[in-house]
Each structure stands twice: as structure tokens, then as C-alpha cells.
Amino acid sequence: MPSNKNTLLRSLPEGFKPPHLLCGLPEDTDILVGFSGGSDSTALLHILHRYAEQSGAKLYAAHVNHGIRGEEADRDEEFCKSFAQKLGIKFFSLRVNVPEIAKNTDESIETAARRIRYEYFDRLMRENDIKLLATAHNADDNLETILFNIARGTGLGGICGIPDCRPCENGTVIRPILNMEKRDIFDYCRDNGLDYATDSTNIDTDYTRNKIRAEIIPVMRQINSGAVKNAARMSENLRADSLCLESMAGWFVEELRDDYAIEVEKICGSPSSVVNRALIRLYDEFSGGKTLEQVHVNALRALAASAVPHSSVSLPDNIEGVIENGKLCFRKKSDASPAPEEYNITLCDGENTISQTNSKIFIGTSHSSKFIYKNSILLSLASDKINGDLIARNRQSGDRIRMGGMSKSVKKLMCDKKIPLDIRARIPMICDNDGIVAIPLVGIRDGAKYKEEKASASSKTDIRFYFD
């Protein structure tokens with residue numbers, strides 16, 4: 001750990017934000033750096049290497065050869081490997097044929113390349129227990145994103161540009177040089193004698209972002225030399241406003257909704273910026289993580305304004321919004337089927353069938369694992385933490401389970417985990433005499449999870465839940 005934090009910060013270039021200040025984690029938290037070999041990522045890796053020498057953080061570098069530029073891409077990969085090795089940084093690389101993958105998945109090459117990169121980074125973070133991913137987005141990239149979003153038509157979120165910190169599947173993405181302009185990065189590379197690779201596709205204005213970079217931003221700088229930094233300041237201010245509105249929308253959903261329904265009066269009488277976000281959030285929970293476009297939000301607001309009983313509007317993923325009893329509700333178009341019957345089944349070793357939901361529960365012990373299904377869900381309980389017989393029953397209104405030191409609503413946990421509504425009705429509550437002990441896809445009650453290091457203190461009871 002550094003002896004003087006102020007000395008550490010002063011030794012780094014202006015515009016660089018240290019990782020621990022971006023994410024709130026300790027200074028010595030390990031960092032994976034997305035390393036293309038261009039000027040931006042080369043400067044970032046070099047700066048982070050200086051940061052790591054003083055903070056104690058361990059660095060890793062990851063490069064993806066997208067198979068787009070032939071020998072040039074191979075040259076860049078070799079450069080990245082050599083540069084990382086000179087700094088003593090562990091290097092990972094991946095070779096893929098992005099054009100072929102994009103053709104098979106019907107994605108643009110840019111979209112496929114980005115998806116593959118982040119999937120690779122996520123895997124490396126998971127396998128190596130790395131909590132931070134640093135990418136080399138800079139202030140020019142931020143302005144390009146803002147202009148690109150404006151051209152497509154965007155709301156406040158698009159004008160906010162690129163966030164300097166966001167969650168990812170296995171940690172947090174940070175952008176330490178987001179406030180550095182491209183020309184500042186070139187100066188840093190020159191002043192520190194850093195070579196870097198040049199991607200020939202960056203000058204191809206057939207790519208939308210390259211056209212913005214090569215033709216529009218230079219004109220903006222002619223109008224105002226501080227255009228890029230001014231855009232960064234605007235983004236920071238707007239992100240603060242957006243976070244406030246998102247927080248208000250969260251309160252709106254939690255306080256006013258009832259089983260994916262919001263009173264029409266509340267929709268029509270509340271600020272549109274909050275209502276829009278609340279509808280998007282509610283749809284996200286109902287659909288299990290799907291995105292609602294602005295055109296559909298507008299249709300829902302028009303539906304609420306008309307307030308005609310039983311009127312409806314179609315939404316993506318076979319969902320519709322409908323007016324019922326003075327509320328705007330979400331429902332599946334195929335929701336004509338009745339709710340599952342109530343059940344309460346005492347579980348025994350081996351196979352237990354729940355005919356009401358066409359599913360099965362297999363109970364095993366630490367010495368038996370014969371009930372293994374490819375698509376099953378496994379929960380392992382400490383046998384001595386089970387009080388009485390285990391039973392499986394349907395979910396009931398008001399169900400709660402103690403997790404993370406708190407009594408939590410099962411309904412809210414399922415919403416938070418984005419479990420689709422049609423699946424939620426089929427998930428059993430596994431109970432003992434003390435209440436709910438485990439819920440497939442949700443979790444296990446505090447203290448009841450089997451832990452290998454404490455195997456001598458208790459045997460294991462495996463519960464496997466399987467449904468078609």
C-alpha cells in the first residue's frame with residue numbers, strides 16, 4: 001500500500017481517475033485491462049502499471065484478435081504480448097473469427113466484436129477472481145457516443161454518454177482515462193516513449209463512429225476548442241440528474257405498484273420522466289430482463305390516458321398492457337391458463353412428483369448423487385440445520401425468507417433475479433418447521449447452506465428441482 005496517497009495521485013497524469021476512487025474498492029484490488037494495443041489502451045496499461053507499483057494492485061492484460069485484419073491483427077497481438085511482458089504483466093489473448101460469427105448470428109461486425117470481447121473479459125474475471133475490468137474509453141469516445149445517440153434519437157440516458165463505472169457480470173467495469181482527451185493521450189505516449197499499434201480500420205469512414213471522429217468532432221473543436229471537455233462535464237452533470245430520476249422511479253414502482261399494476265390516476269398525475277422510467281423498470285421485472293423501447297412506453301402512457309376498461313396494447317415478447325379496475329397491468333397474452341393448484345407435499349428420499357406444476361424434486365444425501373439431470377437446479381443443505389420434515393408447497397402471498405441477515409420478500413427476490421413470471425408460479429417453496437428453508441433459482445435460508453469446510457459438523461442433503 002502506498003505511504004502517501006496524495007503523492008500517488010500527483011504522479012499520475014491529469015484526467016486519470018484512480019480505480020479505487022471510481023469504484024470504492026481497496027487500492028490493491030486486482031485489475032484486468034482490455035488491451036487492443038492502440039494508443040488509448042497502451043497509455044492506460046502504462047498508467048495503471050505506475051499506479052499498481054504504488055498501490056499494490058495486480059494487473060492482467062487481455063487482448064482479442066477479431067480475425068478481421070489478417071496479418072495486421074496478428075502484428076497487434078504480438079505487440080500487445082511483448083508490451084505486457086516487458087512490464088511484467090500477465091497476458092491473455094483470444095483469437096476468433098468475428099466476421100463469420102456475425103454472419104451466423106445476424107449481428108453487425110461491431111456488435112459481435114463487442115459482445116465477444118466482453119464475454120471473454122467476463123470469463124477471465126470469473127476464472128481468476130478479478131473484480132475490476134479497466135477499458136480505455138476517453139473523452140473523445142464519450143463525445144462520439146453522445147453524437148451517435150443523438151443521431152439515432154435518444155433520451156437522457158443516451159446524452160449522458162459513457163459512465164466511468166458500471167457493474168458487469170463478474171465485477172465492475174471502470175474507465176480511468178474517460179476524462180482524458182485523445183490529444184492528451186498522444187502526448188502521454190510521446191512523453192513516455194511508448195510505441196503503439198495503429199488499426200487501419202479506424203480511418204474507414206464507412207463506420208459511423210469513424211465518420212463522427214474524423215469529420216464532426218474536428219468541426220466542433222473549430223467552433224470551441226474545449227468541446228470535448230465541455231461534453232464530458234455535461235455528461236457528468238446529466239448522469240447525476242439521471243440517477244436522481246432513476247431513484248424516484250424506483251420509489252414509484254415500490255410504493256405504487258400491486259402485482260405489476262399501477263393506478264392510472266398515478267400515471268397521469270406524475271412527472272413523465274419518472275413514469276417513463278417506472279414503466280420500463282416494471283416491464284423489465286415482469287418480462288425477466290427484457291427492454292422496453294420508448295415507442296412502447298408512449299403507447300402505454302396513451303393507454304393509461306384513455307383509461308378505457310379492458311383496452312390493451314401489444315408489447316414485445318408476447319406481453320400486453322391492459323386497463324383493468326382503474327389500473328395499468330402487464331400480463332402475458334397466453335395468460336388464459338388458470339394458476340397452478342395449491343399443493344403441500346412432504347418430501348421423502350428419492351423422487352417426489354409435483355403433478356400440479358409438472359415438476360419433480362429429488363432428495364439425496366451426501367453419499368448419494370444418483371439423481372442427476374442436465375437441466376436440474378441443485379440446492380445443498382446442511383442436514384443438521386433442517387428442523388423437522390421437508391415439505392414442498394406453492395408460493396403464497398406474503399412469503400418471506402431470511403437471507404443476508406434480513407427477512408426478504410420472495411416476490412421481490414424473484415423480481416430482482418429477473419425470473420420470468422411464467423416460471424415463478426412453478427417454483428416450489430421448500431420448507432421445514434421453521435418456515436422456508438430453500439427456493440430453487442432464489443437461494444437458501446441463512447445458516448442452512450451446506451459448507452464443505454464444515455463437512456465434519458453436518459451431513460449434506462441435496463435437493464434437485466427439475467421441470468420441463
Side-chain angles (χ1 to χ4, degrees), residues 105-108 111-112 114-123 125-126 133 149 152 154-158 160 162-163 165-173 242-243 245-254 256-262 274-301 313-322 328-335 357 375-377 395 399 401 403-404 408-427 439-443 465 467-468:
T105 58
D106 198 28
E107 297 173 286
S108 69
T111 299
R114 184 184 188 281
R115 175 179 59 78
I116 290 166
R117 278 198 306 275
Y118 279 93
E119 287 176 352
Y120 180 53
F121 296 155
D122 279 330
R123 176 164 64 84
M125 293 174 74
R126 181 178 65 253
L133 167 64
N149 290 338
R152 293 193 305 172
T154 186
L156 179 57
C160 286
I162 303 172
C165 182
R166 70 166 178 83
C168 62
E169 183 176 341
N170 293 293
T172 303
V173 178
S242 182
L243 286 172
L245 290 170
E246 289 292 346
S247 178
M248 293 173 67
W251 170 85
F252 189 96
V253 170
E254 290 301 322
L256 302 180
R257 77 163 181 216
D258 178 23
D259 293 329
Y260 304 102
I262 301 179
V274 175
V275 172
N276 290 350
R277 287 168 170 78
L279 291 173
I280 290 171
R281 181 174 295 208
L282 202 59
Y283 177 83
D284 172 83
E285 291 184 4
F286 182 84
S287 64
K290 303 296 183 180
T291 301
L292 194 63
E293 300 293 340
Q294 188 62 43
V295 63
H296 300 121
V297 174
N298 293 342
L300 288 170
R301 290 178 60 84
V313 62
S314 293
L315 302 171
D317 299 295
N318 201 39
I319 295 171
E320 63 182 358
V322 61
L328 172 62
C329 315
F330 288 111
R331 71 183 183 192
K332 284 280 188 181
K333 291 182 181 178
S334 57
D335 269 356
T357 59
N375 297 319
S376 65
I377 300 158
R395 182 161 66 97
D399 271 345
I401 182 172
M403 293 176 61
K408 297 184 179 181
S409 161
V410 173
K411 177 180 177 180
K412 188 173 188 307
L413 286 171
M414 289 185 172
C415 290
D416 291 344
K417 293 180 178 295
K418 301 186 186 302
I419 300 173
L421 191 64
D422 56 337
I423 294 179
R424 295 178 200 180
R426 303 184 64 191
I427 297 176
I439 308 170
L441 294 175
V442 175
F465 174 64
F467 64 98
D468 295 328

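Values in this document were obtained by computation on a predicted structure and should not be read as measured data.
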Looking at Y260, does the NZ or CZ of R424 lie under 6.0 angstrom from its six-membered ring centre and within 45 degrees of the ring axis? no

Taken to the nearest 0.5 Å, the spacing of R331 CZ from L315 CG works out to 11.5 Å

Partners meeting side chain to side chain contact (heavy atoms under 4.5 Å, CB included) with R115 (sequence neighbours left out): I101, T105, E107, E119

Please tell me if the side chains of F330 and S287 come closer than 4.5 Å, counting only heavy atoms from C-beta onward. no

On a heavy-atom basis, which atom in C168 and which in M125 lie closest, and how many Å separate them? SG-CE, 3.9 Å

Applying side chain to side chain contact (heavy atoms under 4.5 Å, CB included), can you list everything that pairs with N298, at least two apart in sequence or on another chain? Q294

Taking every non-hydrogen atom, the tightest pair across L279 and L300: CD1-CB, 4.2 Å

Minimum side-chain heavy-atom gap I427-M414 below 4.5 Å: yes

Minimum heavy-atom distance V253-A278, with the two atoms named: CG2-O, 3.5 Å

Quick one: OH on Y118 to CG on L133, what's the gap to the nearest 0.5 Å? 6.0 Å

Can you name the nearest heavy-atom pair linking R277 to S242, along with the distance? NH2-OG, 4.1 Å

Spatial distance of atom CD1 (I401) from atom CG (L413) [nearest 0.5 Å]: 7.5 Å

Which heavy atom of M248 sits nearest to which heavy atom of V274, and what is that distance? CE-CG2, 3.8 Å

Could you tell me the separation between the CG atom of L282 and the CD1 atom of I262, rounded to the nearest 0.5 Å? 5.0 Å

Counting heavy atoms not belonging to M403, are there more than 12 under 6.0 Å from its CE? yes

Between NZ of K408 and CG of D399, what distance do you get to the nearest 0.5 Å? 16.0 Å

Taking all non-hydrogen atoms of both residues into account, name the closest pair between P316 and Y283 and its distance. O-OH, 2.9 Å

What distance separates F286 CZ from D317 CG, expressed to the nearest 0.5 Å? 10.5 Å

Considering residues at least two apart in sequence or located in another chain, which fulfil the side chain to side chain contact (heavy atoms under 4.5 Å, CB included) criterion with S108? E110, T111

